[in-house]
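Comments concern the structure below.
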2 protein chains.
Amino acid sequence: MDGSDCPDCSRINEVLSRIGDRWSMLIVISLDYAEVMRFNELKRHLGISQRMLSLTLRDLERDGLVRRTYYPTIPPKVEYALTPLGKSFCAPVRAMGEWALKNLPNIDAARAKFDAEAARTVEPV
Amino acid sequence: MDGSDCPDCSRINEVLSRIGDRWSMLIVISLDYAEVMRFNELKRHLGISQRMLSLTLRDLERDGLVRRTYYPTIPPKVEYALTPLGKSFCAPVRAMGEWALKNLPNIDAARAKFDAEAARTVEPV
DNA sequence: ATGGGTGGTTCCCTTTTTGTAACCGACATT
DNA sequence: AATGTCGGTTACAAAAAGGGAACCACCCAT
């Protein structure tokens with residue numbers, strides 16, 4: 001079984017296992033911000049390896065979030081942009097980003113506190 | 001570099017690498033729905049392995065999203081519930097869940113179309 | 001003729017993640 | 001007496017993710 005009971009869980013599970021990885025989200029965010037970007041532009045912007053970028057972009061295109069436009073010039077030029085579906089995905093991703101912005105300090109504080117207490121119970125001296 | 005240029009990227013990168021994994025989100029959603037759940041209850045509900053569940057729950061507790069209450073009875077009883085921080089995280093997660101629910105068919109359609117076209121260009125017969 | 005940029009693909013290797021199985025103590029059930 | 005439950009931890013193994021470098025064709029600038 002995998003998320004068998006709760007139907008929402010299996011759905012969310014599905015979508016997260018497709019486009020819920022780090023690079024996909026970061027690419028979507030970048031494209032949302034820049035409207036259109038070229039391959040090496042994305043690569044330099046994100047610090048992603050060439051291999052991961054091409055793999056992730058192909059998956060995003062396959063899933064209908066990204067539109068790839070190839071110009072057979074010399075040297076070749078390829079532009080990536082969000083489809084309407086990709087743009088609609090930005091809303092929840094941005095919501096999560098804003099939550100992150102606001103709550104990362106809280107997480108850090110909780111983590112520091114947890115670690116401090118754990119250290120005390122292990123080493124009471 | 002890693003998401004160096006765009007400040008949002010590095011933040012989202014951070015938060016995603018902490019609580020952006022599949023199990024964390026599913027646990028948060030489950031706890032939001034049920035208010036409080038026990039260890040094996042979560043395990044059965046999500047179909048997660050015992051090891052991953054204990055690891056993920058400890059991280060969630062460490063990050064202040066989940067509160068763990070231990071009752072030293074025999075057999076032991078442990079309850080997990082969301083903290084206020086965890087509850088606030090539900091909003092963006094739910095937004096993503098709702099998007100998933102609505103757009104999974106679109107993704108599937110795009111994927112099928114992409115695969116069909118790829119098959120045609122490879123095997124034109 | 002050498003090197004660089006374009007957008008990739010392919011191979012190899014390491015690291016990370018995840019699952020499986022066994023074990024724990026102490027009791028309750030069969 | 002053996003087995004099951006509860007909430008885990010640990011060791012091992014399999015799978016997946018990811019990085020790095022090499023290679024491709026083609027042209028341009030030096």
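A, B, ... follow the sequence lines: proteins, then strands. Residue 1 opens every chain. The model shown is predicted, which means the values in this text are computed figures rather than measured ones.
B:F114 and A:L31 end up in different hydrophobic clusters when Ile, Leu, Val, Met, Phe, Trp and Tyr side chains are linked at under 4.5 Å.
Salt-bridge check for B:R62 with A:D115: passed, with a basic side-chain N closer than 4.0 Å to an acidic carboxylate O.
Checked against side chain to side chain contact (heavy atoms under 4.5 Å, CB included), A:L104 has the following partners two or more places apart in sequence or in another chain: B:R11, B:E14, B:R18. By the side chain to side chain contact (heavy atoms under 4.5 Å, CB included) test, A:R22 is found to be paired with A:L26, B:N13, residues two or more places apart in sequence or in another chain being considered.
Rounding to whole angstrom units, CD1 of residue B:I48 and P of D:dG7 are separated by 14 Å. Whole-Å rounding puts the A:E79 CD to C:dT6 P distance at 13 Å. Between the P atom of C:dT16 and the CZ atom of A:R22 lies a distance of 12 Å, rounded to the nearest Å. Residue A:L46 contributes atom CG, which lies 16 Å from atom C1' of D:dG19 at whole-angstrom precision. The nearest whole Å value for the distance from the CH2 atom in A:W23 to the P atom in D:dA17 is 15 Å. Rounded to a whole Å, the CG atom of B:L42 is 14 Å from the C1' atom of D:dG8. When the P atom of C:dA28 is taken as reference, atom NZ of B:K77 falls 16 Å away, rounded to whole Å. Rounded to whole Å, atom C1' of D:dA16 lies 12 Å from atom CG of A:D21.
The main-chain N or O of A:G64 is found under 3.5 Å from a side-chain atom of A:T83 such that the two form a donor-acceptor pair.
For the segment residues 49-72 of chain B, the set of residues with a heavy atom within less than 4.0 Å of an atom of DNA chain C comprises B:S49, B:R51, B:M52, in numerical order.
At D:dC6, one or more side-chain N or O atoms of B:R44 fall inside 4.0 Å of OP1 or OP2 (strictly under the cut-off).
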Heteroatom pairs (N/O) under 3.5 angstrom, protein to nucleotides 28-30 of chain D:
none

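Evaluation of the ring pair (Phe, Tyr, Trp, His ring centres under 6.0 Å) test over residues 58-89 of chain B, restricted to residues two or more places apart or in two chains, returns A:W99-B:F89.
How far CG of B:D63 is from CG of B:L60: 7.0 Å, rounded to the nearest 0.5 Å. The OG1 atom of B:T69 sits 10.0 Å away from atom NZ of B:K77, with the distance rounded to the nearest 0.5 Å.
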Donor-acceptor list for residues 46-54 of chain B side chains, cut-off 3.5 Å, not counting sequence neighbours:
{"unit_1": "B:S49", "atom_1": "OG", "unit_2": "B:M52", "atom_2": "N", "d": "3.2"}
{"unit_1": "B:S54", "atom_1": "OG", "unit_2": "B:R51", "atom_2": "O", "d": "3.4"}

